Each structure stands twice: as structure tokens, then as C-alpha cells.
There are 2 protein chains.
Amino acid sequence: MKAAPQFADWLSRTNDVTSRFIGAARIPGLINVAGGLPDPSLFPVDALADIAARAIREHPQDTLAYGPTAGNPELREALAAKFRARGVNVTAENVLVTASGSQALDLVGKALIDPGAPVACVFPTYLGALDSWRPRDPSYRHIDLADPAATRTALDGARYAYLIPNFSNPTGHLVDLEGRETLLAAATATGTPIVEDDPYGALYFDGPRLPTLLELSARGTDGPYEGPVIHLGSMSKQLCPGLRVGWVVAAKETIKVLSTAKQATDLCSNGLAQMMTLGAFQSGLIDAVHPKAIALYSARRDALCDALKTHLAAEFEWERPVGGMFVWARARDRSLDLDALVERGVEQGVLVGPGHVFDPLKVDGPALRLNFTLNDEERLATAMQRLKAAMQATRRKAA
Amino acid sequence: MKAAPQFADWLSRTNDVTSRFIGAARIPGLINVAGGLPDPSLFPVDALADIAARAIREHPQDTLAYGPTAGNPELREALAAKFRARGVNVTAENVLVTASGSQALDLVGKALIDPGAPVACVFPTYLGALDSWRPRDPSYRHIDLADPAATRTALDGARYAYLIPNFSNPTGHLVDLEGRETLLAAATATGTPIVEDDPYGALYFDGPRLPTLLELSARGTDGPYEGPVIHLGSMSKQLCPGLRVGWVVAAKETIKVLSTAKQATDLCSNGLAQMMTLGAFQSGLIDAVHPKAIALYSARRDALCDALKTHLAAEFEWERPVGGMFVWARARDRSLDLDALVERGVEQGVLVGPGHVFDPLKVDGPALRLNFTLNDEERLATAMQRLKAAMQATRRKAA
């Protein structure tokens, strides 16, 4: 008797990018600049081992029993305090702890999308967000922040606007203050909430930190936060991704609804991971990791951009990102076959991310997402040499 | 500027049972027999603290970095080996590790339900399963296992059949071998998969263990498992719920599709919790906990049934469960106002679970779900005395 289940429709519309990449990443000697992984050398292994053992022994109920759906109350309060320190008037009731930033995206889709409903995004955008919302079957609109009237039109009637204002995945782009204000004005005019995804907000390498949309939307208001921003954060790029701890900060009513969606998703998050996060905040561990991450990653950003300039300036143009994990390299030849280039890259020993998977509306032309956080300077230079060879091979095959 | 998001339609069809109960459970002196919590005295706190610290120090990549979506490969293999020992020919590729049994239900709904599609359940059934599938908006049919023809009709065209054959939540009922074979025959005849939810399978107090539907469906077959059963398990009732580790065992194709759904849900599970689960299996910790749990819980089952007999035999009838966590007490007065009884119960200092939330098709009449795992014998006896007083108060108000 062979199983022949009828699977849900949305599964016929998925992509296998991630699994193909995981397969390719196993090839020996391949340099992977396609992913978005932090450098494991930054994980404070011994400190986390101590924190974990102590948390279980001293708080067996919080770590081993079922916990509240919305998260450990102390962690919710600790997160609220961090946002209050930046001028956002929030309490624990404005905070939902999630089992990763990815789960926060899933919950946003569950709570806010009905089949066919419009969602407005700044494209190209995060593939994982598009993946997480596919089961809810939204329709998409592009937000062009350079055009305030078009931004307002894009938001009008949309369930929410989505963007990563700090060093977007995949483009590494930092939305400037004017763009942030344009978006908030459109949200105010239309009543459409903004989902501000901020996994990279701690990774500012150069220049002053810009206020988040959450902070901007709280300015000049009294009383508890009731603004339009649904702000998502995560431990993955601040400490380590294996904990699977993220959070949402938003108006209380929105947090209540997202908690209902979380109850329907996993009842509650892992208690130990939440206690470890709390311990990492309270012990100063996270504050100690930040400057190390910034020093390591900004040097690698420089190395990648230097190697691009040396080997590929004639082929690509790019913005030097002032933070985050990615460089977005646009092909000067707008007819370049990106999939062919990715294949030639694997043959040459470098794995790069094809841009079109982040850009279903084809807002941008052929481009690559290049990650600079996982590999050291030497490997990044080698990767760009190999990419140059792949580019030449692609041209030869096309000719 | 006040947030006014438009929330998804399904949120208007949720219930607040769980949150009302969490609120009521905070009342001092209240005895809670409404929930489904394991006794925390069974958690092997020190052993888990040691396992956690060692796992982080010795396996920082497995515990702190991103892991494979389908789960830690060693844990998948260890789980496969457990099922092979019971005659089911499975490998790691037949196993998906989930972030709790609840997540497994969410993934089943995502992967198998399109809006409006029929799902067949043995009602009354687990409230958390109904909650997890509500965002997918299925329609429901009841399966009456006593009637093979009706069972086949219920399964015909349904996306799947769902049941908890071992000590169902809420009824505590053990589906006998005949019922299991009826269901499998219907699955074979219709091609409809069976979702076998088995969180309580380790909690057999009396009598021989019956083969799971997974085991039955694998009998007499050669080669890797390709049967119709999607088997769900969890650590929550075997070791502790705070880890949030569950699993799915099914045909490889189904596991692949569920992995795609998981990738869209949280990318991957907490690595440390998976390593702790593996460590708890390998060190024999779980095997050591099982007999303690069975001794503790079967004595409490006896105490609850004795107290019911002493105080409430005229009001309720019930089946003495041979395992699990619940007694299902059916009111002899089929017009009893259950919600009123629950309210009077809170006034008397006992919280009981109203049966109708598990029974949206009204297959059964007024009943209570009574949990016997969290409270000791004395408290259970007191709880039933209080329930008797609540019953008398309900009658006085109705008169």
C-alpha cells in the first residue's frame, strides 16, 4: 500500500533554491558566498554552556515545563526595556517572543494574510519571507520609496508593507531617513501597518545608526505604543542562530493576535533557549559579541568589495554596504544568464546566490547576492577570482 | 496614529478557551484538573543540565549554528532505529524532527489542507489540532470506528484521517485492534492517509501494548516504508515539554513535503534541544523516566476514578483509562449546562475542562475532561469533592 497524499496547492509553487544550495554547498573545496551564515568563531561556546546548565538547575520550571505562549515574562520585559531605552514606550505586553525571526514571519502571514490579499514589499526582498507567506497565498506589490505618491498607492489596501530597512537581505541597502519617513507617512495616510524586519540592526559598521521605523513612529506620542510598526528582531545574527529565538514588538492588540497565531503553531517556545537569551543579555555576553562581529565582518566586507573591484568591476556594479551581511552585485550586461553563471561558478568552485529568487516581480535586473560574513578575506578574494573565471566561461558558452 | 490592522478571517473563528483557563489557573488554592500537564517532579533536572552543557561544549556547531531543516541527522537516525526495532522499515529519511508535536500538527495542516478541504477525525478530538488547522480552514467529518462502512465513507475524499489511538486526548480511550484494522482497511480502500498522533504511547499502565497504526501498516511489506500512516510523536510526555521536540515518521515523499513546509515555518529547530533529546535517548535517561511516570500516573488515575465513584457516580459515567493522562466523564443528564458547571467549579476551587471544545460536530453529549497527571491523590480527591459541590450549585441555579 503506497502513500499517495494530495498535497496543498501552494506546494506546487515553491522553489528548491535552498535545498539545491545545501546540496551544492557539500562539494569539497567550494567557497560558499551564497548563504547568509554568521561566522561560528563568534559563538561564545563556554559561556553559553555555563548559562545553559545554570538555567536548567536554577529554573527547571522555566526551562523544562510548558511556558506561556507569548514568551518568558522576564525575557519579554528585558526586551521591552531595550526598546524603552530607545524612546519607544513599550511594556512586556508589547513583546512576543518567537521561535526565531522566521517564525515571526510565519505568524505575521498567518495573522494578517487571507488568500489573495495584497502585501506590499520593497523588492528585491528576503526569500525566506516570501517562502513563509506562500501557504497564505498573498498577491504582491512593489514599494518604490523614492516616490512618495507611488509608496502611498502601494500601501493603500495592502495588509502590510514589508521591508528590511537596515542592510536589506538581499541588497545590503540601508534605507535612509527620508525613505523611512516616506514609508511612515504612507502608513499614516492609508492605515496600513509596516512590518519592519530588523535582523541586522546591530551590524552597523560605518556611520551613525538611523532610528528604526518603530522608533520614528513612536516619536511625539504619549502613552503605550499604538503605532503602525510591527518590528521583528532575532538572536540569530546577534549571538547564534541555533537558539531559534526572535521577537516581535508592536501594539498590544497586534501582539495578542500574533500570540493566538503562535498558540496555533507551537503552543510555546523552547524554555531553555529563552532563559539562555535572557542570561546572555543580563551577563553582558551580547554586548561583548557585538564589537567583535562588527570588526570581523567590516574587514570582510572591505575584502569582498576590494576583490570585486579588482576582478569584476567591468562586469558588475554594486553599493558598498555600511553594515549587514551582503553585497548586491548588479550585472552591467542586463541580458546575462544568471542561472548559467551560477552553474559555471559551481564548476569553478564558488557558490553565488542568483538574484532573481528575491525578485519575483522583476523589479531589478540580473544580480548576485554575495555574502561576506562566513569566509575570511583570503577565501573571499579567491571566490571573486573564481567568479571572474565563471563569468568568462559563461560568455564563452553564450558566444 | 493608532494601529488598525485587518486580521485574517480565521482569527474571528478562534476560541479563547486556553487563555481563559490560564487566567483561571492563577486563582490561589484552585485545583486545576483541566489542563494536560506532566508532573514536573519527573523532570531529570541535573542530568539534563549536564547533557546540555556537554552538548554545547562538544558540539558547538550542532547546538548553536543553523541546522538542517529536517533535523539533526543523528537524532533522525536514532528515532528511525527505535521504529525499526518495532518492525517498521524506516531510515533517517523517513523521519522529520519538529519543534514539538504541536508544530507537527501545524505542518500537517500546511502540507495537506487547502481551504475548505475535508478532514476526517475521531471526535471528540484534540483541541490543539483543531486550533492548528483553523488557519487552513478545513471542513470536518466524524469517523465512527465501530462502523467499517461509515469509516470508509468518512475517509473517502478526505485529505487525511486524524486520531490519537493511544489514550486519546480528551477521552483517554484506547482504540482496540479491531478499530485500528478498520481504519487501515478504509485507508487502503480510499487512498486517504492516516495521521496517527501518539504523544501518550509510552504511558500504557495496564495490559499489553497494541501495535501502532504505523506498525500495523508496515506488516507484511518489504522495502522502505511507503504506507499511508503519518505518525507523530513528542518528547513532551516522555521527558519534558519545555524542549519542544517532536517528530514525524512517514513515507519519504511525505517527509520531504513536510520539510518544505517546515522550511517555510522556522527554517530549522533549536539545535541544543535536539542534541539533548539525542543525549537523553543514548544515556538511557528516557528509559529510566518511563517506569517512574507509569507508577506515578497510574496511582493517580486510580485515585481520580475512585473519587469520581465516591462522589459523582450518580452524575457521570466514565471509562477507566488504561493509560494516558485523562478521564472523560459524560454527564448522565444530557441537558446539563457544562459552562455553568465549569463556572461553579471555579467558585468551589476546582478547574475542569468542558468537553464541547473538543467536539465541534457535537458527536458526544455534555462531558468533562479530567486530568490526573499533575495533582497528587489527595488533591484529586479534594477536586472531586469540590466538583460535587459545584454540581449541586449548578442544579440549584438551574432549578
Side-chain angles (χ1 to χ4, degrees), chain A residues 1-9 11 14 18 37 40 43 45 48-49 52-53 56-57 60-61 63-67 99-100 102-103 106 110-115 131-132 134-135 159 188 191 193 226-228 240-244 251 254 257 260 263-267 269-273, chain B residues 1-9 11 14 18 37 40 43 45 48-49 52-53 56-57 60-61 63-67 99-100 102-103 106 110-115 131-132 134-135 159 188 191 193 226-228 240-244 251 254 257 260 263-267 269-273:
Chain A
M1 181 167 45
K2 187 166 171 172
Q6 184 184 347
F7 296 116
D9 281 346
L11 284 153
T14 53
T18 304
L37 304 181
F43 302 159
V45 175
L48 286 173
I56 295 173
R57 274 188 236 280
Q61 190 71 19
T63 52
L64 303 178
Y66 287 107
S100 78
S102 300
Q103 186 185 62
D106 177 54
K110 268 187 176 156
L112 290 164
I113 303 174
D114 285 306
D131 283 347
S132 73
R134 196 166 287 112
R159 290 303 178 93
T188 307
E226 292 195 327
C240 63
L243 290 179
R244 313 312 289 136
T254 299
V257 171
T260 301
Q263 187 187 305
T265 300
D266 67 355
L267 287 184
S269 295
N270 179 293
L272 176 55
Chain B
M1 181 167 45
K2 187 166 170 171
Q6 183 183 348
F7 296 116
D9 280 346
L11 284 154
T14 55
T18 304
L37 304 181
F43 302 159
V45 176
L48 287 172
I56 295 173
R57 274 187 237 280
Q61 190 72 15
T63 53
L64 303 179
Y66 287 106
S100 78
S102 300
Q103 185 184 61
D106 177 54
K110 267 186 177 156
L112 290 164
I113 304 174
D114 286 304
D131 282 348
S132 74
R134 197 166 286 112
R159 290 303 179 94
T188 306
E226 291 195 328
C240 64
L243 289 179
R244 314 311 291 136
T254 300
V257 170
T260 301
Q263 187 188 305
T265 300
D266 66 356
L267 287 182
S269 296
N270 179 291
L272 175 57

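All chains are named by letter (A, B, ...) in the order of the sequence lines, taking the proteins before the strands, and each is independently numbered beginning at 1. What you see is a predicted model; the values in this text were computed from it and never measured.
- Heavy atoms of A:T14 lying under 4.5 Å from chain B belong exclusively to its side chain.
- In terms of heavy-atom pairs under 4.5 Å with chain B, the best-connected choice from A:A65, A:P135, A:G271 is A:A65.
- When every heavy atom of A:C240 is checked against every heavy atom of B:L64, the shortest pair comes out as CB-O, 3.3 Å.
- Judged purely by atom type and a 3.5 angstrom limit, B:N270 uses its side chain to pair as donor or acceptor with the backbone of A:L243.
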Worked verdict on B:K110 versus A:D106 for side chain to side chain contact (heavy atoms under 4.5 Å, CB included): CA-CA 11 Å; B:K110 267 186 177 156; A:D106 177 54; 2.7 Å; yes
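- With B:D266 contributing its side chain and A:S102 its backbone, the two residues share no donor-acceptor pair below 3.5 Å.
- With a 4.5 Å cut-off on non-hydrogen atoms, A:L11 touches chain B through its side chain but not through its backbone.
- Residues B:R244 and A:S269 share a closest heavy-atom pair of CG-C, 3.6 Å.
- Across A:A111, A:S100, A:P40, the residue that shares the most heavy-atom pairs under 4.5 angstrom with chain B is A:A111.
- For the atom pair B:Q263 CD and A:D131 CG, the distance stands at 5.5 Å (nearest 0.5 Å).
- Across B:T254 and A:P5, no two heavy atoms sit closer than the pair OG1-CG, 3.6 Å.
- With a 4.5 Å cut-off on non-hydrogen atoms, A:F43 touches chain B through its side chain but not through its backbone.
- For B:P193, the part sitting under 4.5 Å from any heavy atom of chain A is the side chain, from C-beta outward, and nothing else.
- Of the listed residues A:T260, A:L37, A:L272, A:D9, the one with more heavy-atom pairs under 4.5 angstrom with chain B than any other is A:D9.
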Are B:R159 and A:F7 close enough, and set up right, to give a side chain to side chain contact (heavy atoms under 4.5 Å, CB included), and what steps lead you there? CA-CA 8 Å; B:R159 290 303 179 94; A:F7 296 116; over 6 Å; no
Derivation and outcome, side chain to side chain contact (heavy atoms under 4.5 Å, CB included), residues B:T265 and A:Q103: CA-CA 6 Å; B:T265 300; A:Q103 186 185 62; 5.7 Å; no
